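For clarity, every value in this text was computed on a predicted model and none was experimentally measured. Residue numbers count from 1 along this sequence. Ligands are counted one by one from 1 in listed order, and the atoms in each one are counted from 1 as well.
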Amino acid sequence: MHIGRALPPAASPIGPSEVISGVCGIFRGQKELERFRSELKEHFGVKHCFLVSSGKAGFALTLLALKELFPGRDEVVIPAFTCYSVPSSVIRAELRIRLCDLQPDSLDLDYAQLSALLSEASTARQADPSPVRGVTGSRVKTCDAINSSRDSINRLLAIVPTHLFGFPSDVSRLRKLVQDPGVTIVEDAAQAMGETWEGRKLGTLGDVSFFSLGRGKAFSAVEGGIILTDRDDIADVLDRRAGRLPHYGLWQLITLVLKAVGLMFFTHPLFFWVPRSMPFLRLGQTLIEPHFPILKMSSFQAGLTAKWRERLQKLQDTRKKNVNRWIAILEANGNGGLCFQHRQSLGLLRFPVRVRDIEKRQSLLRESAQKGIGIMPVYPDSINRVPELSGEIPARAFPVAEGCARELVTLPTHNYVTNEDMTVVGELLSRALA
Ligand SMILES: *Cc1c(COP(=O)(O)O)cnc(C)c1O
């Protein structure tokens, strides 16, 4: 166990003044939520906005709305390397997971594989005999009469382009590929709040999109989810479903306030070792967990977002500056590990580096843990290899996604990273990439 200064892999600090405005938010109630909602609509220039308890709650609610709008469709295409919350939400909505591999240099979807998948979906094929698994774990039958009698029906419901770490996914390219109006593009902007791409704000590119306000995302309200859409048909169903969601209970609200106070301290490098040394907090662990609550965002969370535009801008400016410095350090090292295209200055949440030598990667991670400098692995495995999902996903290989799980590490880009940290990381990296 490392006691003493330790950098978290990603951070979006919550300070005492935010906690105070959160508590004031509780007393302002609905007005505070309306303020946040209207600021979001104005900032992103979208017609509809819904506020919920987490990113995965927002994604699951969106899928449930789409399922209602497009009955008979039950397949959702997600990247084969992504946050485990994404497949968890698909399972929660009792839909089927279909995977698409990534491109090694941009971490965007592999468009060749995706177009093959799309043409396969639009041609006649046998209805898959395996029923969708429900959240209770029981095998529920969601293939309705239409599906089983007419097997030529297109079952694709949604495709989920994802801005992993904040690298923009080329949603316009995806839109050209998707000809079928019944296939909805759900933009996973959970890690990309505050970033732009070709002058457009990420989170406004899909038919519907969601952000996460979780710990360690671009901007945090302890937890929280935002759904944005310009589509009236989707918004109508979402509006009805979001209106029926339960509120945070009193105990859940108290827990949120305590977590906010905890984050105020424990995101700081001087205290981060404390939560990190408590295994029951399961920090940094990703699990397949479809039983998460889907609640209305609380006015406490909305209150925590006071002055969010200025704060997000500042956080992104720092991340951009640090990303450019990591690029410079890797370039000075002879460009090893730097295999991503950098078309513009990006405010990445974490800076990914590929370390191909497995042994060296292990010792890099070990040394980082000892020195507390925040180099971390990303997700433990690609989605096709997650044991809990075996049987949900047809067995096949996703080489790029599997390589990402095996080789990627991330460098922190937040405001707590100092020049000395950068020097230490630079030295460790040059050894790992040699
Ligand atoms: C964090 C994350 C989510 C889920 O957001 P939560 O608020 O943690 O539920 C979804 N997709 C991606 C890519 C994420 O990083």
Side-chain angles (χ1 to χ4, degrees), residues 8-12 14 50-63 76-93 97 99-100 102 107-109 158-169 171 185-195 202-203 205-206 208-228 245 248 256 259-260 263 281-298 301 304-305 319 348-350 352 376-380 382-383 386 401 404-405 408 410 413:
S12 19
I14 292 176
F50 304 91
L51 302 175
V52 292
S53 49
S54 67
K56 52 189 165 292
F59 181 41
L61 194 71
T62 302
L63 291 177
V76 182
V77 180
I78 62 170
F81 185 68
T82 189
C83 177
Y84 285 14
S85 302
V86 175
S88 303
S89 301
V90 179
I91 294 174
R92 176 61 176 267
I97 299 164
L99 297 178
C100 181
L102 311 184
L107 301 183
D108 198 357
L109 292 167
I159 303 180
V160 187
T162 303
H163 311 298
L164 207 58
F165 309 115
F167 284 115
S169 168
V171 181
I185 297 177
V186 183
E187 181 187 357
D188 182 346
Q191 303 186 4
M193 197 177 187
E195 272 309 293
L202 299 188
L205 311 176
V208 49
S209 57
F210 67 96
F211 292 120
S212 162
L213 300 179
R215 181 178 57 77
K217 300 298 164 112
F219 179 80
S220 178
V222 184
E223 59 189 37
I226 299 167
I227 308 171
L228 300 178
L245 292 179
Y248 275 80
L256 263 186
K259 279 186 181 167
L263 282 176
L281 288 179
R282 302 196 300 203
L283 280 196
Q285 263 192 45
T286 20
L287 301 165
I288 299 288
E289 173 40 46
H291 300 276
F292 51 83
I294 306 182
L295 310 170
K296 287 179 177 147
M297 185 182 281
S298 69
Q301 288 156 295
L304 283 177
T305 68
R319 290 183 182 121
L348 302 177
L349 207 52
R350 298 157 71 159
M376 298 277 172
V378 192
Y379 307 121
S382 53
I383 305 298
V386 174
C404 285
L408 287 188
T410 64
T413 61

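Here Ser382 pairs with Asn384 under the side chain to side chain donor-acceptor pair (under 3.5 Å) rule; sequence neighbours left out. In terms of the ring-ring contact (aromatic ring centres under 6.0 Å, His included) criterion, Phe50 has no residue partners (sequence neighbours excluded). Residues meeting the side chain to side chain donor-acceptor pair (under 3.5 Å) test with Ser298, sequence neighbours left out: Gln301.
Glu187 places no side-chain N or O within donor-acceptor distance of the main-chain N or O of Ser209, the cut-off being under 3.5 Å.
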Can you pull every nitrogen or oxygen pair between ligand 1 and the protein closer than 3.5 angstrom?
unit_1   : atom_1 : unit_2 : atom_2 : d
ligand 1 : 5 (O)  : Ser212 : OG     : 3.4
ligand 1 : 7 (O)  : Gly55  : N      : 2.7
ligand 1 : 7 (O)  : Ser212 : OG     : 2.6
ligand 1 : 9 (O)  : Gly55  : N      : 3.3
ligand 1 : 9 (O)  : Lys56  : N      : 2.8
ligand 1 : 9 (O)  : Lys56  : NZ     : 3.0
ligand 1 : 11 (N) : Asp188 : OD1    : 3.3
ligand 1 : 11 (N) : Asp188 : OD2    : 2.7
ligand 1 : 15 (O) : Gln191 : NE2    : 2.6
ligand 1 : 15 (O) : Lys217 : NZ     : 2.8

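Side-chain contact check for Cys404 versus Leu107: some heavy-atom pair is nearer than 4.5 Å. When side chains are defined from C-beta on, Val77 does not count as touching Leu99, because their heavy atoms never get closer than 4.5 Å.
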